[in-house]
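The chains referred to below are lettered A, B, ... by the order of the sequence lines, with proteins before strands, and numbering in each begins at 1.
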There are 2 protein chains.
Amino acid sequence: MALEQALNALEALLGARLSRKSGDLDQHGHSETWFPTTPPHAVAWPETTQEVSAIAKICSAEGVPLVAWGTGTSLEGHALAQNGGVVLDTSRMNQILATDAEDRLVRVQPGVTRVRLNDELRATGLFFPVDPGADASLGGMAATRASGTTAVRYGTMRHNVAALEVVLADGRIIRTGSGAVKSSSGYDLTALFVGSEGTLGIITELTLRLHAQPETISSAVCAFDTLEQAVETVQMTIQMGIPMARIEFVDSEIVKVFNKMNHTTMPEKPHLMIEFHGSDVSVAEDSRRFGEVVAEMGGADFEWATTTEERNRLWKIRHAAYSSIIASRPGCIGLVTDVCVPISRLAEAVERGRDMIAAKGLFGPILGHVGDGNFHATLALDPSDPSELERAKEVGHELAEMALEMGGTITGEHGIGLGKRGLMAAEHGEAWAVMGQIKAALDPNGILNPGKMLPDTAPAAKA
Amino acid sequence: MALEQALNALEALLGARLSRKSGDLDQHGHSETWFPTTPPHAVAWPETTQEVSAIAKICSAEGVPLVAWGTGTSLEGHALAQNGGVVLDTSRMNQILATDAEDRLVRVQPGVTRVRLNDELRATGLFFPVDPGADASLGGMAATRASGTTAVRYGTMRHNVAALEVVLADGRIIRTGSGAVKSSSGYDLTALFVGSEGTLGIITELTLRLHAQPETISSAVCAFDTLEQAVETVQMTIQMGIPMARIEFVDSEIVKVFNKMNHTTMPEKPHLMIEFHGSDVSVAEDSRRFGEVVAEMGGADFEWATTTEERNRLWKIRHAAYSSIIASRPGCIGLVTDVCVPISRLAEAVERGRDMIAAKGLFGPILGHVGDGNFHATLALDPSDPSELERAKEVGHELAEMALEMGGTITGEHGIGLGKRGLMAAEHGEAWAVMGQIKAALDPNGILNPGKMLPDTAPAAKA
């Protein structure tokens with residue numbers, strides 16, 4: 001049998017770094033969210049690009065699915081081997097290979113996590129800004145085109161990956177991009193692999209762009225009577241060109257659960273949290289101008305802080321939002337929605353989202369990276385009531401359709417994976433078939449992360 | 001004959017908007033630089049996406065090359081139909097379809113030029129920042145991933161194209177991207193088509209990102225004794241996080257020819273020109289801090305200005321650089337090199353470039369977008385001496401090889417076209433074959449801009 005042959009060959013290659021133990025399989029068949037556990041047939045822990053290439057050749061020859069795995073923190077089932085096969089765990093490819101402070105680049109293996117990278121960078125005065133919340137692997141972040149709270153200033157993985165080394169389905173090793181800050185040299189393969197969710201190749205090395213640690217950071221928090229006021233404040237701040245490093249929204253439900261869990265007395269209203277990065281002079285100026293916008297928009301309880309301690313206090317509600325929501329309903333599981341709309345439609349989108357959640361009788365506070373038009377509802381679901389999960393999926397679907405109707409996208413940062421594959425045709429139309437053609441050209445046997453993102457049968461080009 | 005059949009069908013479709021007149025063919029067989037004239041068999045002027053689709057279907061069915069043409073300002077022969085066939089001139093697709101000031105997006109047809117777009121946007125308080133110098137078409141700028149003087153702050157076409165409508169080789173019409181500022185929804189086809197130089201599809205509509213017109217602009221100019229001092233000044237300015245909107249370098253040769261043409265007495269030394277965009281307070285602060293860096297680095301003749309008139313006076317040498325160089329050698333033709341290196345290697349790269357030019361006995365002053373590590377030598381060549389062109393090409397080749405050796409790229413912004421195709425294997429290795437596979441998947445008959453950028457025979461995937 002082809003699978004057995006492949007696993008034997010992989011065992012010969014990797015020794016104890018290939019596992020068929022049920023504990024390892026279960027751990028790599030489990031996702032952070034509601035998807036059923038789907039253990040692979042084996043888990044491989046390569047340590048070098050050459051080993052990844054050899055694994056791809058074996059899987060390709062035997063037609064065995066090969067699914068890359070970072071830290072398993074994705075939210076749409078990206079790394080589940082639901083067709084079986086081999087999960088390739090990158091956690092042993094965890095070296096920081098070279099830091100180039102002058103050109104602000106760092107070369108890493110894909111299993112390095114973002115928190116560790118920033119720990120190691122601390123003394124250089126540089127940092128890697130993309131912050132999706134979870135301490136994800138950088139390979140996984142690139143594969144899902146991750147972003148998070150700082151994208152409004154520093155961009156997403158799309159903007160912060162300078163170059164890649166990738167192993168293709170047939171084992172070829174290619175390099176994309178360069179150390180130059182721009183290039184017009186051929187197809188932008190770096191951008192093609194970023195966000196391809198392990199369906200076009202396995203990322204074995206990343207060159208990432210670093211940024212100067214800000215001299216000064218100031219944070220502010222303020223409350224609004226209505227969502228509209230909060231969103232209009234964001235829009236006006238953008239229009240005035242006040243450079244925000246983060247701007248986050250939490251709804252009044254989140255404040256309620258946070259107050260309850262923490263015995264605090266924050267006004268139970270929509271809040272904005274903002275952060276400015278720059279020189280002493282510039283952040284003082286930014287904070288002052290932002291304060292004027294807030295006052296004009298009727299915001300209240302404006303507090304700002306520059307010390308780390310005070311900033312952490314102000315931001316605590318945002319950092320604790322997910323855990324406060326989950327803890328407020330003991331034993332619940334979370335389903336986090338993720339759409340992104342043009343900013344002009346954001347207030348309406350959040351309002352309608354709130355109504356959709358209420359109409360389904362669910363509990364799902366909303367927070368968002370409002371500078372990007374990206375927001376999430378965290379639906380806290382009773383696992384003993386399967387109809388709650390069904391209704392939550394319906395809400396996710398309705399939100400995605402609304403985002404498309406508004407000219408937005410079905411996912412701002414969590415990606416497609418299994419969870420949103422059914423919406424790809426609605427967003428992309430014939431362009432989805434083009435994605436399938438590219439997939440078929442580079443992975444003709446369809447071994448890389450099969451069943452995800454792409455159309456079932458990649459149509460041949462209509463010549 | 002297939003070609004005749006195609007041209008007859010195109011004539012039936014387009015009437016007088018298909019031309020076979022030699023004047024039209026010659027005009028569309030000519031490039032701005034040294035490439036020999038290669039007239040196509042016909043020129044088509046479609047007005048709608050549907051017409052572009054119909055043209056593609058006809059050319060596809062008959063196997064006739066189809067080459068998109070914007071304003072003909074590209075510098076690497078991108079739009080020359082050197083295999084014959086049909087040039088598709090987008091100049092009649094020149095409508096600004098919709099401006100969305102709230103979301104800072106504008107939807108345009110590909111034949112709109114950047115100067116016209118900014119004229120039309122003036123009253124909105126917004127502008128489109130990418131400025132390659134020439135008044136190129138926006139479709140052409142996207143196709144070559146153009147950038148220019150403002151990329152250091154606003155990014156290149158890669159960052160400023162939000163969405164595209166594209167006609168594929170087989171006539172299918174697809175849409176890529178969305179109105180959201182970020183997305184994790186599938187392959188980044190927008191990024192794939194940006195920079196594909198008409199080899200994967202014809203861009204028929206672009207949604208572009210706009211930026212707020214800066215409240216205040218300040219400019220500064222200063223002279224340095226050495227190139228190293230100028231480049232170190234740029235590096236330190238970047239390290240200090242002083243946000244430059246433009247930072248340009250001109251060498252002492254340019255100052256010499258400029259002084260001669262304009263009867264001015266600027267010090268004949270390397271110069272930096274810089275521009276800051278922001279509020280009154282922020283640009284004053286930026287200029288002050290930059291002045292400190294210049295003083296520390298030994299710069300002299302520091303002048304700064306905020307009025308439009310004074311700024312134009314300071315920048316005149318940069319804007320007149322190309323014409324001053326060409327005019328300094330009457331009757332000459334220009335060959336402009338274009339490489340981009342990591343900024344840490346920039347001073348060395350420019351020095352070595354200067355030596356290469358001198359070693360070949362050529363005249364070619366150097367200027368550059370130094371904030372990006374991108375620089376150009378403008379080689380002024382005697383057209384009656386074919387060996388000058390040969391030596392100039394050799395310099396271009398040597399510069400490209402040096403850029404690769406330094407971890408950079410063979411082209412920062414001019415693209416590949418015909419001129420740099422021979423260097424693709426050196427930059428991309430096996431990844432060049434991957435580009436060929438993608439091309440073959442989407443354009444199996446190879447009708448779109450054949451003979452450019454890609455390997456001769458796109459190899460099939462090794463499955």
Legend entry - M435(A) side chain reached by L189(B) side chain, heavy atoms, under 4.5 Å: yes
Legend entry - Donor on one side chain, acceptor on other, K182(B) and S147(A), under 3.5 Å: yes
Inset, instruction - Against chain B, label L105(A) side chain, backbone, both or neither, depending on which of its atoms sit under 4.5 Å from a heavy atom there. - result: neither
Legend entry - Side-chain (D103(B)) to main-chain (I343(A)) donor-acceptor, under 3.5 angstrom: yes
Inset, instruction - Using modelled atom types only, decide if a donor and an acceptor are shared between the side chain of E430(B) and the backbone of I174(A) within a distance under 3.5 Å. - result: no
Inset, instruction - Identify which of K420(A), E197(A), Q239(A) forms the greatest number of heavy-atom pairs closer than 4.5 Å to chain B. - result: Q239(A)
Legend entry - Residue pair S279(A) / E285(B), side-chain heavy-atom distance below 4.5 Å: yes
Legend entry - Under 4.5 Å from a heavy atom of chain A, the part of I173(B) involved: backbone
Inset, instruction - Kindly say whether V434(A) contributes a backbone atom to a donor-acceptor pair with the side chain of R172(B) at under 3.5 angstrom? - result: no
Inset, instruction - Considering only heavy atoms and a distance below 4.5 Å, find which of G179(A), A163(A), A146(A) pairs most often with chain B. - result: G179(A)
Legend entry - Shortest non-hydrogen separation from G408(B) to S178(A) and the atoms involved: O-CB, 3.6 Å
Legend entry - Choice from S185(A), A180(A), A61(A), A403(A) maximising heavy atom contacts with chain B below 4.5 Å: S185(A)
Inset, instruction - Without swapping roles, check the side chain of D188(A) against the backbone of L192(B) for a donor-acceptor pair under 3.5 Å. - result: no
Inset, instruction - Sort H369(B) into side chain, backbone, both or neither according to what part of it lies under 4.5 angstrom from a heavy atom of chain A. - result: side chain
Legend entry - Structural part of S282(B) lying under 4.5 Å from a heavy atom of chain A: neither
Inset, instruction - Could you tell me which portion of L454(B) (side chain, backbone, both or neither) has an atom closer than 4.5 angstrom to a non-hydrogen atom of chain A? - result: side chain
Legend entry - Passing option when S183(A) is tested against E427(B), R158(B), E413(B) for side chain to side chain contact (heavy atoms under 4.5 Å, CB included): E427(B)
Legend entry - Backbone of A441(B) reached by a side-chain donor or acceptor of Q437(A) within 3.5 Å: yes
Inset, instruction - Under 4.5 Å heavy-atom distance to chain B, tell me which part of T199(A) shows up: side chain, backbone, both or neither. - result: both
Inset, instruction - Identify which part of Q235(A) has an atom lying under 4.5 Å from any heavy atom of chain B, answering side chain, backbone, both or neither. - result: side chain
Inset, instruction - Please flag which part of D372(A) lies under 4.5 Å from any non-hydrogen atom of chain B: side chain, backbone, both or neither. - result: both
Legend entry - S184(A) and H414(B) side chains, donor-acceptor separation under 3.5 Å: no
Legend entry - Beyond-backbone contact of I238(A) with R104(B), side-chain heavy atoms, under 4.5 angstrom: yes
